[in-house]
Each structure stands twice: as C-alpha cells, then as structure tokens.
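A short worksheet on the structure shown next.
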Amino acid sequence: MSALPRFAIASSVDTHAHVFERGLPMPDVRRYAPDADASLATYLQHLDTHGLAYGVLVQPSFLGTDNRYMLQALRARPQRLRGVAVVDDNTGEDHLQALADAGVVGMRLNLIGLPLPDLNAPGWRRVLEQANTLGWHVELHLQAGRLPDLLPTLLAAGCRVVVDHFGRPDPALGVRDPGFGYLLQQAGSGRVWVKLSAPYRIWPAADCAASGRQATAQLLQAFAAERLLWGSDWPHTQHAGQASYPAAVRWMHDWLDPLDDAASLQAVLGRSAVELFRFPSPIQTQGDTP
C-alpha cells in the first residue's frame, strides 16, 4: 500500500486529535501549556485533505476536567466528531449524561507523570458504572509497565478499554518491554483496543516508521485488525517539530503495508472505530470547515 494523499477506506476515522486555544483556563498542576492554537477549522481541513470522514477529539491534559472547549467543537459538527472527556471521581451522573448528550463516547485517564487512582474507591466505581451504562469506553494513557496495575480493575468492572499510543512501551526496550508483552496478552479479553498513534512519544523521530512497524506487527498478530485503531495525535503537542499530519498518514501506511486484504484495512481505518465511537453512516466531508 503506497502513501496515498487520501484514504481509500470508506468511513475512515482519525481516532485521536485535540483542539484548543492558548489562554483557556488551565489547572495549576499540569505538565505543560501549549504555545500555539489548534483550531477546529484547521483540524477539519486536515480531515478533508486526507479524505477522512470522521474525527475523535480527546481532551488534552492541560485543560484538566474542563471539557467545555471540546464540547463546543462537538456541537459544531455533531455528525462528524465524537469526544473523549476527562472526568474525576467527583463527576456527577447528570454531568456525565450531559457530556454524552454533547457527543462524548468515552473518558480518558491520562496518567503520565501522575499517581495511579484507586479505581476501587466508591467515587471511581460509581463513575465507571455510569460510563458502562452510557456505553462509553475508558481510554488509558500511561507507560506500558503500569498497565498491569489498572487494566485488570477496569476489565473486572466490565469496561471496554482503549490503550493510547501503542501502549507506551519503554523507548529503550520497545516491543521487548514486559509491559508491552502484558498488553499483547490482554487481546483475549475482547474488550481492549490499541491506538496506533504518536510514535514520537516513544521513539526518536528517525525510528518512528521502523519501530512503529515492528510494534504494529505484534499487535496485529495478538489483537487482529478489529481491535486496532489509527490516530493522528494532531497537533502533536510538545512534538510539533518532529511530526505533522502528512507524516502521521505516511507512518500509518507504512505500518499497515503488510495488510493486503481490504477487510483488514477497513477494520483498522474505518469499521472498528465507527462502531466503537458510534459514528453514523458515511457523510460528505468536503467543504465542512466552519
């Protein structure tokens, strides 16, 4: 499969992107603050340019649980966008329902640099139960070596789990990371998906294609195409000098090059994400920028 400028897969989905503006209210405790804006108009242009039908907006860590800017974008393009929100153990059922009504289909636990939450505590158990009731998935962003500390609890709670960015194996170990091996072993649950995204958050820029290809091969063998998703990670926060939307598309084509059957490609780039994120039937994508 060559690096085509547009996707040839019906209802293709970018499952991981962010929108925000500088100057939005941010929590005092955060890893960083953005130095540029990431507008909805620019993101939709990227989708149009590459022939992508749908996009999933993920709440960035530096905005904490204030999901209002993302919700504004979801309401602007309700047919084309879905959202993954950040909530905490104090989030009430009415608020979770309001998020769902606005197009949110999952909640994210972004735990890079943070202690692990006690998901068995009453507040988190209530939130997870409500998430299951709403049909949401739980998105995990943490190092692969920490997955065994959270994933069993989420699966025991009946959650569907999406693991970000190849599972974030140790850069020095790559696919030899025991945590990555543990992730592969979870394929049999039938309730874990993995995002092929943001290789630059794991490997040096020069290794993104080759290392991502190696990790994708093992993930395909363990999970099969139906449990893998692709995301651009636009606007590549903290790594804008190492990545771009066209580069993300090129890497994706390289990783999936061994898939020579249309059904498998359709699963990774379209069907699985359409079902998981609950998108409607195909839409007209061109001319959709606000």
Side-chain angles (χ1 to χ4, degrees), residues 1-9 12-18 46 50 52 55-56 58 110 112 139-147 161-187 192-261 264-270 272-273 276:
M1 180 171 59
S2 61
L4 300 173
R6 291 176 53 83
F7 283 74
I9 304 298
S12 49
V13 183
D14 176 359
T15 70
H16 198 104
H18 312 281
H46 284 306
H50 296 282
L52 287 147
V56 179
V58 179
N110 187 341
I112 299 295
E139 186 168 314
L140 279 182
H141 184 208
L142 76 172
Q143 296 88 346
R146 304 171 84 194
L147 285 171
V161 180
V162 174
V163 178
D164 274 350
H165 308 331
F166 292 94
R168 291 295 298 259
D170 185 317
L173 297 174
V175 297
R176 295 180 290 108
D177 184 336
F180 185 77
Y182 171 82
L183 175 60
L184 298 178
Q185 294 169 7
Q186 307 314 302
V192 177
W193 286 255
V194 182
K195 286 186 180 181
L196 310 177
S197 56
Y200 41 83
R201 300 192 187 278
I202 309 166
W203 303 291
D207 297 336
C208 284
S211 295
R213 188 186 316 121
Q214 185 180 27
T216 298
Q218 294 202 20
L219 289 166
L220 281 168
Q221 184 175 12
F223 284 87
E226 287 72 19
R227 290 289 182 268
L228 300 184
L229 309 162
W230 173 78
S232 68
D233 193 40
W234 185 84
H236 326 290
T237 53
Q238 298 183 288
H239 296 271
Q242 300 170 264
S244 65
Y245 211 102
V249 171
R250 288 195 300 271
W251 288 327
M252 178 276 301
H253 279 290
D254 184 78
W255 302 334
L256 297 179
D257 188 65
L259 290 178
D260 56 2
D261 64 293
S264 294
L265 287 171
Q266 176 66 53
V268 176
L269 301 176
S272 295
L276 181 65

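Owing to the predicted nature of the structure, the values given are computational and were not obtained by experimental measurement. We number each residue from 1, following the sequence as shown.
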When you compare the side chain of [Y] with that of [X], does any pair of heavy atoms fall below 4.5 Å?
X	Y	answer
Asp254	Thr216	no
His50	Pro246	yes
Leu256	Leu196	yes
Gln143	Ile112	yes
Ile202	Pro169	yes

Gap between atom [atom2] of [Y] and atom [atom1] of [X] - 0.5 Å precision:
X	Y	atom1	atom2	value
Arg213	Gln218	CZ	CD	13.5 Å
Lys195	Leu140	NZ	CG	11.0 Å
Asp14	Met252	CG	CE	10.0 Å

Test side chain to side chain contact (heavy atoms under 4.5 Å, CB included) on Trp255 and Leu220 and set out the steps.
CA-CA 10 Å; Trp255 302 334; Leu220 281 168; over 6 Å; no
Does [X] use its side chain to pair, donor to acceptor, with the backbone of [Y] at less than 3.5 Å?
X	Y	value
Ser272	Ala267	yes
Gln214	Ala210	no
Ser12	Leu269	no
His16	Asp233	no

Only counting residues at least two apart or in another chain, list the ones meeting ring pair (Phe, Tyr, Trp, His ring centres under 6.0 Å) with Trp203.
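Residues passing ring pair (Phe, Tyr, Trp, His ring centres under 6.0 Å) with Trp203: Phe166.
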Check step by step if side chain to side chain contact (heavy atoms under 4.5 Å, CB included) holds for Thr15 and Leu276.
CA-CA 10 Å; Thr15 70; Leu276 181 65; over 6 Å; no
Which heavy-atom pair separates [X] from [Y] by the least distance, and what is that distance?
X	Y	value
Ala248	Trp230	O-NE1, 3.7 Å
Leu219	Phe180	CG-CZ, 3.9 Å
Ser244	His236	C-NE2, 3.3 Å
Gly167	Val194	N-CG1, 4.4 Å
Pro199	Trp251	CG-CE3, 3.7 Å

Applying salt bridge (Lys or Arg N to Asp or Glu O under 4.0 Å), can you list everything that pairs with Arg146, at least two apart in sequence or on another chain?
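By the salt bridge (Lys or Arg N to Asp or Glu O under 4.0 Å) rule, Arg146 matches no residue at all.
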Distance alone, cut at 3.5 Å: any donor-acceptor contact between the side chains of Thr237 and Arg201?
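A pair is found: one side chain offers a donor N or O, the other an acceptor, under 3.5 Å apart.
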Ring geometry between Tyr245 and His46 (parallel below 30°, tilted from 30 to 60°, perpendicular above 60°):
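Plane angle under 30°, so parallel.
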Write out all pairs satisfying side chain to side chain donor-acceptor pair (under 3.5 Å) with one or both partners inside residues 164-177, taking only residues at least two apart or from two chains.
Arg108-Asp164, His141-Arg168, His165-Ser197
Under the criterion side chain to side chain contact (heavy atoms under 4.5 Å, CB included), I'd like the reasoning laid out for Trp193 against Val161: C-alpha separation, chi angles, the key distance, then a yes or no.
CA-CA 6 Å; Trp193 286 255; Val161 180; over 6 Å; no
